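Presented below is the structure to which this report refers.
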Amino acid sequence: MIHTLEPILREHPFFQGMEDRHIQLIAGCSMNVRFEAGQVIFHEGDPADHFYLIREGLVSIQLAIPHRGLTTVQTVGGGEVMGWSWLFPPYRWHFDARTQEPTHALAFDGKCLRAKCEEDHSLGYDIYKRFMQIVTERLESTRLQLLDMYGNHP
Amino acid sequence: MATILEQPEVVTAGLVPDPMVPMPYRIQRVKQETDDTFTLELLPEDSSKGFSFAPGQFNMLYVFGVGEVPISISSDPDDVPLLKHTTRVVGTVTKAMRQLKRGETMGIRGPFGSHWPVEEATGRDIVIVAGGIGLAPLRPALYRLVAEREKFRKIVLLYGTRTPEDILYRPELEQWRGKFDLEIQVTVDRAASSWRGNVGVVTTMIPRAPFDPTNTVAMVCGPEVMMRFTVMELLKRGVAAELTYLSAERNMKCGIGFCGHCQYGPTFICKDGPVFAFPRVAAILGKSEI
């Protein structure tokens with residue numbers, strides 16, 4: 001019996017409200033993945049050929065800074081999306097991703113999905129809208145982090 | 001439809017006869033909490049002169065010969081007459097306060113202001129969102145919630161701070177988390193790779209936090225900008241504005257609404273606040289020069 005990932009996709013907050021035919025198209029580019037704690041999922045500069053929907057676990061988005069070592073700039077947990085570098089040229093990761101704990105995720109083949117988006121622009125529009133929402137939220141969070149809200153500001 | 005909970009009233013039972021006269025309190029302990037934050041533990045010199053307080057209220061702390069500052073009470077409301085005040089070294093008075101030693105005396109006036117709607121939240125989920133030292137005014141509410149745990153449904157604490165080293169009350173947070181009937185999530189703005197917890201602003205935890213937004217009371221305390229974005233996220237999640245409470249902070253001097261230093265639009269923070277239901281301050285929250 002073939003198990004499809006469609007039910008899992010439908011349950012994930014990122015795909016909430018998506019049309020069934022789009023879910024079916026996307027499911028064809030997805031697979032279940034599991035990472036051990038401390039495992040590197042991707043490295044800065046590597047080809048960004050996937051994105052991930054985290055189902056369970058915690059992943060650190062990190063940057064290596066000279067003389068400071070690895071710095072975590074964000075963590076991504078269950079129900080969240082990780083990675084949008086697959087959407088835009090040059091399709092390379094800008095950060096490292098390392099699991100903090102055992103992590104279950106759905107991995108999506110970026111090339112496969114880009115091709116489907118080119119074939120079906122309504123799918124592409126839907127996907128890009130959803131990613132824009134994520135990008136907007138991350139930008140807002142980053143701005144708040146930059147404010148150093150909890151610092152001592154007379 | 002949600003109803004506005006009764007606006008918390010000032011507890012006056014233990015108020016000193018003249019609210020402008022400080023009572024002498026002796027320092028029992030000075031505890032360094034983080035790099036720039038410390039807690040004073042105080043008992044009244046006359047043990048019969050202690051007072052009760054409600055979570056969220058504040059006292060005016062007087063360093064003799066230096067000055068007076070308003071600081072929220074951060075101790076257990078069921079552990080009176082002991083008072084704990086956590087503050088950061090930011091100005092002349094708090095600098096002098098940090099130099100005080102065990103056994104020295106300072107003046108206290110209070111308690112002043114409104115309080116968190118702990119009793120009124122019976123039967124509901126409770127989400128507490130704290131930022132930085134904003135956890136201090138919420139700690140008495142947490143003590144009360146833990147003590148009366150059976151009265152409430154889910155209790156969730158979302159706490160954001162700068163770095164792992166800036167986490168306040170770490171032993172208590174660990175102890176409460178270990179009780180398994182409180183959901184405690186901590187996040188920091190930045191961290192070295194050795195930190196195994198969340199990194200990101202506290203608002204990012206709200207969409208996935210385990211509470212039922214249709215039956216939740218929210219209590220929020222932190223820097224004003226953090227509270228603005230937190231309230232936006234809570235409302236987006238579906239928490240009723242009327243059930244969303246925040247603690248405002250201004251330059252309070254007299255503590256009883258006489259001097260006008262803490263005027264915040266049509267309200268005085270010291271008398272009408274510091275704890276407000278969101279609709280009461282929605283129009284002025286975030287406006288500069290208020």
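No hydrogens, no waters, no symmetry mates; every other heavy atom, side chains included, goes into these values. Quick caveat, the model's predicted, so the values are computed rather than measured. Proteins get letters first, then strands, A, B, ... in listed order; numbering begins at 1 in each.
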Given the rule in the salt bridge (charged side-chain N to carboxylate O under 4.0 Å, His left out) test, do A:Glu101 and B:Arg196 qualify, once you have shown the distances and angles that lead to the verdict?
-> CA-CA 8 Å; A:Glu101 49 191 67; B:Arg196 291 281 175 257; over 6 Å; no
Counting only heavy atoms closer than 4.5 Å, note whether A:Leu58 contacts chain B via side chain, backbone, both or neither.
-> side chain
Ignoring hydrogens and angles, tell me if any N or O in the side chain of A:Gln145 forms a donor-acceptor pair with the backbone of B:Asp189 under 3.5 Å.
-> yes
Comparing B:Ser194, B:Gly197, B:Gly91 against chain A, the one with the most heavy-atom pairs below 4.5 Å turns out to be B:Gly197
Under the side chain to side chain contact (heavy atoms under 4.5 Å, CB included) criterion, do A:Tyr150 and B:Val202 qualify, and how do the steps go?
-> CA-CA 11 Å; A:Tyr150 312 122; B:Val202 70; 3.8 Å; yes
Donor-acceptor under 3.5 Å (A:Thr75 side chain, B:Val199 main chain) = yes
Side chain / backbone / both / neither for B:Arg162 at chain A, heavy atoms under 4.5 Å = both
Within 6.0 angstrom of A:Arg10 CZ, more than 12 heavy atoms from elsewhere = yes
The reported gap from OG1 in B:Thr204 to CD in A:Glu80 (rounded to nearest 0.5 angstrom) is 6.5 Å
With a cut-off of 6.0 Å (strictly less than), are more than 12 heavy atoms of other residues, nucleotides or ligands near CG of A:Asp46?
-> yes
Would you indicate whether the side-chain heavy atoms of B:Thr161 and A:Met149 approach each other to under 4.5 Å?
-> no
Applying a criterion of heavy atom separation less than 4.5 Å, what residues of residues 223-232 of chain B form contacts with chain A?
-> B:Pro223, B:Val225, B:Met226, B:Phe229
Tell me, side chain or backbone of A:Leu147 under 4.5 Å from chain B's heavy atoms, or both, or neither?
-> side chain
Rounded to the nearest 0.5 Å, how far does OG of B:Ser193 lie from CG of A:Asp96?
-> 10.5 Å
Exceeds 12 heavy-atom contacts within 6.0 angstrom, atom CD of B:Gln32 = yes
Step through the shown structure and confirm whether more than 12 heavy atoms of other residues, nucleotides or ligands are within 6.0 Å of NE2 on A:His94.
-> no
Turns out that what part of A:Gln62 lies under 4.5 Å from chain B's heavy atoms comes down to side chain
Side chain, backbone, both or neither: which part of A:Ser60 has an atom under 4.5 Å from a heavy atom of chain B?
-> neither
